Amino acid sequence: MTKDNSKGTAIITGASSGIGLAYAAKLAQRGYDLILVARRKDRLDIEAKRLSDTHNRQVTTISADLTKPADLRQIEELLSTRGDVSLLVNNAGVGAIGSLLDVSVDAMDDLIKINVVALTRLSHAAVTAFSHQKRGTIINIGSIIAFKPANTAAAYAGSKSYVLSFSRSLQSQLKDSGITVQVVLPGPVRTEFFTASGVSPSIFPDAHFATAEEIVEAALLGLDRNEQICIPSLSDVGDWDAYDAAQRRLAEVISDGHPSGRYGTS
Ligand SMILES: NC(=O)c1ccc[n+]([C@@H]2O[C@H](COP(=O)([O-])OP(=O)(O)OC[C@H]3O[C@@H](n4cnc5c(N)ncnc54)[C@H](OP(=O)(O)O)[C@@H]3O)[C@@H](O)[C@H]2O)c1
């Protein structure tokens with residue numbers, strides 16, 4: 001049940017720390033009721049009480065491990081059955097950082113379940129629900145690592161390339177639907193992300209780290225401006241336009257599937 005001045009309910013995955021928790025605070029401030037999802041229920045409950053006391057919003061918590069199909073299904077069902085959900089933040093993510101043979105294959109498997117499978121299934125459930133209302137917003141958290149090969153984060157970089165590509169395709173499909181899909185690509189952010197992956201955050205210079213609050217503030221401002229691909233650290237939007245134009249040109253020149261003359265095939 002939402003209060004009269006509510007903007008509806010936002011579901012935020014990975015809301016027990018870092019960027020997800022910063023979204024929870026900013027969205028409560030903006031008038032959303034919240035459903036906070038993560039594994040650490042104790043942390044979620046402490047933050048839920050703090051946020052509902054501060055912002056006078058309804059905040060509920062769900063302990064779910066997004067690598068587990070039954071837990072994931074529970075969040076999907078919530079999206080299909082609760083008519084008040086107007087925003088989904090697909091934020092939960094892990095890094096499995098290290099060179100390929102130093103990272104356990106099970107850790108990479110879990111990474112794909114959280115960063116790719118959960119994000120896809122929850123986006124599907126949200127689009128299904130939002131389509132009936134002809135409105136709703138999905139925010140998918142990517143990373144600037146989507147743009148380059150990463151020696152010590154192959155599965156992570158691949159997963160974030162997926163998030164960017166998947167979100168862009170949804171933006172294209174849904175452009176006249178009333179549903180907004182924003183993909184946010186942060187650079188280094190000072191959170192528990194690196195320690196959760198068992199590595200030191202000192203792989204980046206100290207001065208390069210943003211705070212989670214700065215990133216979320218910029219991304220929500222971007223959302224207000226209908227910036228569907230939001231790279232908070234990008235100064236000159238022309239750099240994105242040049243990248244996008246080069247990608248589109250390449251896609252155009254390779255669109256005929258026959259091997260090119262340079263292979264000498266008939
Ligand atoms: N920090 C950075 O430099 C950076 C840069 C670019 C993008 N990002 C992206 O930002 C997002 C948030 O990361 P963060 O930096 O805020 O890191 P974080 O503080 O470690 O937060 C990760 C969140 O994901 C949740 N999570 C992890 N495994 C989960 C699972 N199996 N099931 C459910 N929830 C799970 C964690 O909660 P529990 O442990 O309680 O489950 C936590 O709330 C991620 O998608 C990350 O890839 C981070």
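What you see below is based on every heavy atom in this structure, not just the backbone, and it leaves out hydrogens, waters and symmetry mates. Note that ligands are numbered from 1 as they come in the structure, with each ligand's atoms numbered from 1 the same way. Quick caveat: nothing in here was measured; it's all calculated off a predicted structure.
- In the vicinity of Ile141, heavy-atom distances shorter than 4.0 Å reach the ligand 1 atoms 9 (C), 10 (O), 11 (C).
- Among all protein heavy atoms, the one lying closest to atom 25 (C) of ligand 1 is Gly14 CA, 3.6 Å.
- Atom NZ of Lys68 and atom CG of Asp110 lie 9.5 Å apart (nearest 0.5 Å).
- Residue contact check for ligand 1: Gly187 places a non-hydrogen atom closer than 4.0 Å to it.
- Taking every non-hydrogen atom of Gly18 and a distance limit under 4.0 Å, the qualifying atoms of ligand 1 come out as 16 (O), 19 (O).
- Of all protein heavy atoms, the one closest to atom 6 (C) of ligand 1 is Pro186 O, 3.4 Å.
- At most 12 heavy atoms of other shown residues, nucleotides or ligands fall within 6.0 angstrom of atom CG in Asn151.
- Between the side chains of Tyr32 and Ser86, not a single donor N or O lies within less than 3.5 Å of an accepting N or O.
- When the options Val189, Ile19, Asp42 are ranked by their closest heavy atom to atom 10 (O) of ligand 1, first place goes to Ile19.
- Within the 4.0 Å heavy-atom cutoff, Lys68 does not count among the residues contacting ligand 1.
- The ligand atoms of ligand 1 that sit less than 4.0 angstrom from a heavy atom of Val94 are 27 (C), 28 (N).
- Residue contacts with ligand 1: Gly142 is included, with a non-hydrogen atom under 4.0 Å away.
- Heavy atoms of Thr13 found under 4.0 angstrom from ligand 1: none, in either backbone or side chain.
- Residue contacts with ligand 1 for Ala15 involve N, CA, C or O but no side-chain atom from C-beta outward (heavy atoms, distance under 4.0 Å).
- Applying the 4.0 Å criterion to heavy atoms of Ser143 picks out, from ligand 1, the atoms 6 (C), 7 (C).
- Separation of the Tyr156 and Phe193 ring centroids falls under the 6.0 Å cut-off.
- Contact annotation for Arg43 and ligand 1: no heavy atom of the residue comes within less than 4.0 Å of the ligand.
- Residue Ser16 approaches ligand 1 through these ligand atoms, each under 4.0 Å from one of its heavy atoms: 36 (C), 37 (O), 38 (P), 40 (O), 42 (C), 43 (O).
- At least one heavy atom of Phe194 sits under 4.0 Å from some atom of ligand 1.
- For the side chain to side chain donor-acceptor pair (under 3.5 Å) test, no residue two or more places apart in sequence or in another chain qualifies with Gln182.
- Residues Thr13 and Val89 are not in side-chain contact: their nearest non-hydrogen atoms beyond the backbone lie 4.5 Å or more apart.
- Applying the 4.0 Å criterion to heavy atoms of Pro188 picks out, from ligand 1, the atoms 3 (O).
- Close approach of ligand 1 to Asp65 is summarised as follows: ligand atoms under 4.0 Å from at least one heavy atom of the residue are 30 (C), 31 (N), 32 (N).
- Among Glu192, Arg39, Arg190, the residue whose heavy atom lies nearest to atom 29 (C) of ligand 1 is Arg39.
- For the pair Arg40 and Glu192, the salt-bridge criterion is met [side-chain N within less than 4.0 Å of a carboxylate O].
- When side chains are defined from C-beta on, Ile179 counts as touching Ser131, because their heavy atoms get closer than 4.5 Å.
- With a 4.0 Å cut-off on non-hydrogen atoms, Asp71 does not touch ligand 1 at all.
- One N or O on the side chain of Gln171 and one on the backbone of Gln228 form a donor-acceptor pair closer than 3.5 Å.
- Proximity to Gly93 (heavy-atom distance under 4.0 Å) selects the following atoms of ligand 1: 22 (C), 24 (O), 44 (C), 45 (O).
- Heavy-atom distances between Ala64 and ligand 1 reach below 4.0 Å in at least one pair.
- In terms of protein heavy-atom proximity, atom 14 (P) of ligand 1 is closest to Thr191 OG1, 3.4 Å.
- In this model, a donor atom of one side chain and an acceptor atom of the other lie less than 3.5 Å apart for Asp65 and Thr67.
- The single protein non-hydrogen atom nearest to atom 13 (O) of ligand 1 is Phe193 CD1, 4.2 Å, given as residue, atom name and distance.
- To the nearest 0.5 Å, the span separating CG on Leu34 from CD on Gln58 amounts to 10.0 Å.
- No donor-acceptor contact under 3.5 angstrom links the side chains of Lys134 and Ser177, judged on distance only.
- Protein heavy atom nearest atom 32 (N) of ligand 1, with residue, atom name and distance: Leu66 N, 2.9 Å.
- In Tyr156, the part holding a heavy atom less than 4.0 Å from any atom of ligand 1 is the side chain.
- Leu174 places a side-chain heavy atom less than 4.5 Å from the side chain of Val127.
- A side-chain donor-acceptor contact under 3.5 Å links Ser80 to the backbone of Glu76.
- Note: no N/O pair closer than 3.5 Å links Ile114 and ligand 1 by distance alone.
- When only modelled atom types and interatomic distance are considered, Thr9 and Asp84 share a side-chain donor-acceptor pair under 3.5 Å.
- Judged purely by distance below 3.5 Å, without hydrogens or angles, the side chains of Ser123 and Asn90 pair a donor atom with an acceptor atom.
- The protein non-hydrogen atom at the shortest distance from atom 11 (C) of ligand 1 is Asn91 O, 3.1 Å.
- From the protein, the heavy atom lying nearest to atom 21 (O) of ligand 1 is Ser17 OG, 3.4 Å.
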